[in-house]
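Here's the structure we're looking at; comments come further down.
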2 protein chains.
Amino acid sequence: MKDDQIDAMSKILKSMSHPIRLKILCLLQDKELSVGDIRDQVETTNANVSQHLNILRSQGIIDYRKDANFIYNRITDKRILELIQTMRKLFCPTFD
Amino acid sequence: MKDDQIDAMSKILKSMSHPIRLKILCLLQDKELSVGDIRDQVETTNANVSQHLNILRSQGIIDYRKDANFIYNRITDKRILELIQTMRKLFCPTFD
DNA sequence: TAATAATTATATTAAAAGCTTAAATGCATA
DNA sequence: TATGCATTTAAGCTTTTAATATAATTATTA
């Protein structure tokens, strides 16, 4: 277990450890969503969602595609998909 | 996905997201260790290790047993064991 | 050009995270 | 009981950075 692996993993965990960002990641498990979609489910402002998305983007966790003046976000890193699924299985028994 | 489940999970992630604490959890995967053992592997002071252990204890992630004037720490929560194993599998390919 | 979606820039506030140092506790043994 | 070792706790300090609000800006469409 190398120290730089530890460091890399803790950065990822840290970026996932904010309630809003974790919720965003859960929402993006099975679909892509626009910033506005996310803002509706996570109750906050557009700018705030955008700022949180930037943090996740800078970690390479999520990506986006542009369509008209909408930005659709999705999880790029398959490892993150699996990690979140494991977490839901472990910590959210009923899985909803 | 309930909001309080999200909150609970983000607290756990946050407590795991410090390099020293994550390293401690990795070290405790397959064995129990005293505070001094941990201090040797994570290079810092006794007091600092103790403080990090307290954070993990307060989340119910680790537990300890006392033997003479040594305190042996171990991971109590089996979910944490599985979560870390998943993370190592995903993010540390060579798995060492 | 007007309207909508999203980003960026800026600032502010708070807080809180992390570490160091030193003192205190607990246990064992001489 | 006195000493030494392992650990914890307390206090303080520094820094930083985290999170959000607000307002301005970009980009796209119509």
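Residue numbers begin at 1 in each chain, while the letters A, B, ... track the order of the sequences.
The distance between atom CG of B/Asp37 and atom P of D/dC5, rounded to the nearest whole Å, is 17 Å. Spacing between atom NZ of B/Lys66 and atom C1' of D/dC5 amounts to 14 Å, rounded to whole angstrom units. With rounding to whole Å, B/His52 atom NE2 is found 16 Å from D/dT7 atom C1'. Whole-Å rounding puts the B/Gln51 CD to D/dA6 C1' distance at 15 Å. Following rounding to the nearest Å, A/Ile55 (CD1) and D/dA18 (P) show an atom-to-atom distance of 8 Å. Between the P atom of D/dG4 and the CZ atom of B/Phe70 lies a distance of 17 Å, rounded to the nearest Å. To the nearest angstrom, P of D/dT7 lies 13 Å from OH of B/Tyr64. Spacing between atom CG of A/Leu56 and atom P of D/dA19 amounts to 11 Å, rounded to whole angstrom units.
Nucleotides of DNA chain C that come within less than 4.0 Å of any heavy atom of chain B span, from the 5' end to the 3' end, C/dA17 to C/dA28.
When heavy atoms are screened at a 4.0 angstrom cut-off, A/Arg39 is found touching no nucleic acid atom at all.
Checking the phosphate oxygens (OP1, OP2) of D/dT8, no side-chain nitrogen or oxygen of B/Asn46 falls inside 4.0 Å.
Residues B/Leu22 and B/Met87 have side chains in contact (heavy-atom distance under 4.5 Å, counting atoms from C-beta outward). For the pair A/Arg74/A/Asp63, a side-chain contact is recorded, criterion being any heavy-atom separation below 4.5 Å from C-beta on.
We find that B/Asp4 and B/Lys2 are not joined by a salt bridge, their nearest charged nitrogen and carboxylate oxygen being 4.0 Å or further apart.
The same ILVMFWY cluster, assembled from side-chain heavy atoms under 4.5 Å apart, contains both A/Ile80 and B/Leu90. No path of Ile, Leu, Val, Met, Phe, Trp and Tyr side chains, each step under 4.5 Å between heavy atoms, connects B/Leu13 with A/Ile55, placing them in separate hydrophobic clusters.
In terms of position along DNA chain C, the nucleotide closest to A/Tyr72 lies nearer the 5' end than the nucleotide closest to the other residue of the pair B/Asn69 and A/Tyr72. Nearest-nucleotide positions on DNA chain D for A/Thr45 and B/Ile71 put B/Ile71 closer to the 5' end. Nearest-nucleotide mapping onto DNA chain D: of A/Lys14 and A/Thr44, the residue sitting toward the 5' end is A/Lys14.
Remark: the backbone N or O of B/Leu33 is paired with a side-chain donor or acceptor of B/Asn73 at under 3.5 angstrom.
Of the inter-residue distances, the one linking A/Thr44 atom OG1 with A/Ile20 atom CD1 reads 5.0 Å to the nearest 0.5 angstrom.
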